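These numbers come from a predicted model, not from an experiment. In what follows, chains are A, B, ... by sequence order, proteins preceding strands, each numbered from 1.
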Amino acid sequence: MSHANLLAPPSSIPPPTALSLSQKAPLILSSSPTSSLPWPLSLLFSRESPESWTIHENLLLSSLRTGDDKAARQILDRLTTRFGAANERVVALRGIYEEALATTPAELEKVFQGYEKILREDPTNLAVRKRRVAVLKSLGRPADAITALTVLLEHSPTDLEAWAELGELYAAQGLWSQAIFCLEEVLLVLPNAWSAHAQLATLYYLSTPSSLSTLSLSLRYFCRSIELNDSYLRGYYGLKLASQKLIPLLSDSTSVKRNNNPEEEEAGPPPKLATVKKLEELATSKLAEIVRQYGAGNKGWAGLDEAEVIAARALLDRDGKMER
Amino acid sequence: MAFLGATLNTVGLIFLTHAVYSTHEHTATFPHAPLPLDITIELLVSILVLSAGIVLTSPSLKPIEWARWSGKLQREGRHGEGKWTREGEEILSEGDPYAFLGLDGGIGGKGEGRMGFWDVRGKRKEYAEWARSGGKN
């Protein structure tokens, strides 16, 4: 299902797809979308559409990935002549180009200094601020990247992409409560984002020390994510894992006893054992349906991620063996 | 279905035009006589046929419930709808509106949703390794 489309590339691009994307470069570079006629006529006979520039941008990124730097340079020049060298987006794309061409850490450091210089002139350039964070990450300095991101978010607290990135960085460091805070910020603006609910649930599930309250919060967020998306494989998968962990904890009566831990208070009363068992059954049956429909090659189910379906099948198989 | 709809639309439009023209001619020749029955019937039939054609050619409705709508997006993925740009790229159907958060890959996943933070060097290295290993899988 990894269809190579430059207008809407898939959310994760494996190398073969990247190759077929960048192989479209000669075709797209052969004809310019802008008209060479003088001003009033160029408006009438222009071939450009909003889509052409999305395609150019995605082509630039995929040719940089495959090492086709000549084509990348040509596309970058085209974007620069069309939108001007001072355009925020073009500045960031030029930065990506320079980052890709830097071979040693010293050269990358130079690109980083270039970003600092741009930001001294225009501190509001968000695209360059984000590139700066990406370079810090690439240099292996996650602590500095986190500091840079917190500065960015102080000035632009509704930038959800940055909140999500910060959550990811914190999670990579094992700072679970900070990561959870970041995802909660995302949910404040996008309460309907099923992927954010599932991510938050995953963070609760992974957070250490794992306790009854974190697991029941995880269960609740997974439930919310499937309430928002009735075929969300990740939601059902997580729901099954979380409820499998919760069932023994809840059956053991000593751990259910309420203590006055403030964290437990925040999580509310733990779910009932019968409810969790029902949820586990629901998740199992839904996962089985997804695996079956995908395996049968049903056209209405072809959009699912193959790796995810394989993982779900493995989980169901493991579960079946345990019961036998 | 699309062909049937287009045929109904064409037929309906022809009859509607004919009926309107006939009405005009009739009132121009006999200003005070009532409209003959056949013109009235033609007008009504043409409007019915045209309405049926418009309903048949309209795109299918989206699910109203949020969970069903998002579930449909998830199950079916993005697929082409028979439209291409000048560059030869197919215009795809609606995709996940929250893809820009880049949370699909999970924690430490390979998702590239957050384009502002795109790790060009990491991806370049990944591709180079793939190419060196013979470009399999």
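- The most heavy-atom pairs under 4.5 Å with chain B, out of V186(A), D69(A), D305(A), come from D69(A).
- Most heavy-atom pairs under 4.5 Å with chain B, from the set R65(A), E227(A), E99(A): that is R65(A).
- Note on L203(A), L19(A), T66(A): by heavy-atom pairs under 4.5 Å with chain B, the leading option is T66(A).
- Checked for salt-bridge contact, R114(B) and E161(A) miss the test: no charged N lies under 4.0 Å from a carboxylate O.
- Proximity to chain B involves both the backbone and the side chain of A162(A), based on heavy atoms less than 4.5 angstrom apart.
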The test is side chain to side chain contact (heavy atoms under 4.5 Å, CB included); show your working for E90(B) and N5(A) and say whether it passes. CA-CA 7 Å; E90(B) 192 165 18; N5(A) 189 314; 4.0 Å; yes

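- In this structure, CZ on F117(B) lies 9.0 Å from CZ on R131(A), to the nearest 0.5 angstrom.
- Within the 4.5 Å cutoff, the side chain of D230(A) has heavy atoms near those of the R68(B) side chain.
- Only the side chain of R121(B) comes within contact range of chain A, with at least one heavy atom under 4.5 Å from a heavy atom of that chain.
- Under the side-chain hydrogen bond (donor to acceptor under 3.5 Å, both in side chains) test applied with S231(A), the options Q74(B), R75(B), E76(B) reduce to a single match, R75(B).
- Proximity to chain B (any heavy atom under 4.5 Å) is shown, for L160(A), by both the backbone and the side chain.
- Contact check for S52(A) versus R86(B): no side-chain heavy atoms found under the 4.5 Å cut-off.
- The closest side-chain heavy-atom distance from W130(B) to P16(A) is below 4.5 Å.
- Here Q199(A) is the residue among R129(A), E308(A), E51(A), Q199(A) with the most heavy-atom pairs under 4.5 Å with chain B.
- A salt bridge between E89(B) and K24(A) is present, with a side-chain N of the basic residue lying under 4.0 Å from a carboxylate O of the acidic one.
- Chain A forms more heavy-atom pairs under 4.5 Å with one residue of K72(B), K125(B), K123(B), R124(B) than with any other, namely R124(B).
- Looking at I28(A), the atoms closer than 4.5 Å to chain B (heavy atoms on both sides) all sit in the side chain, from C-beta outward.
- W69(B) touches chain A through its side chain: at least one heavy atom from C-beta onward sits under 4.5 Å away, while N, CA, C and O do not.
- Ranked by heavy-atom pairs under 4.5 Å with chain A, the list G116(B), G95(B), G113(B) is led by G116(B).
- The greatest number of non-hydrogen atom pairs below 4.5 Å with chain B, out of G67(A), A172(A), A164(A), is found for A164(A).
- Chain B forms the most heavy-atom pairs under 4.5 Å with one residue out of I290(A), I55(A), T202(A), L183(A), and that residue is I55(A).
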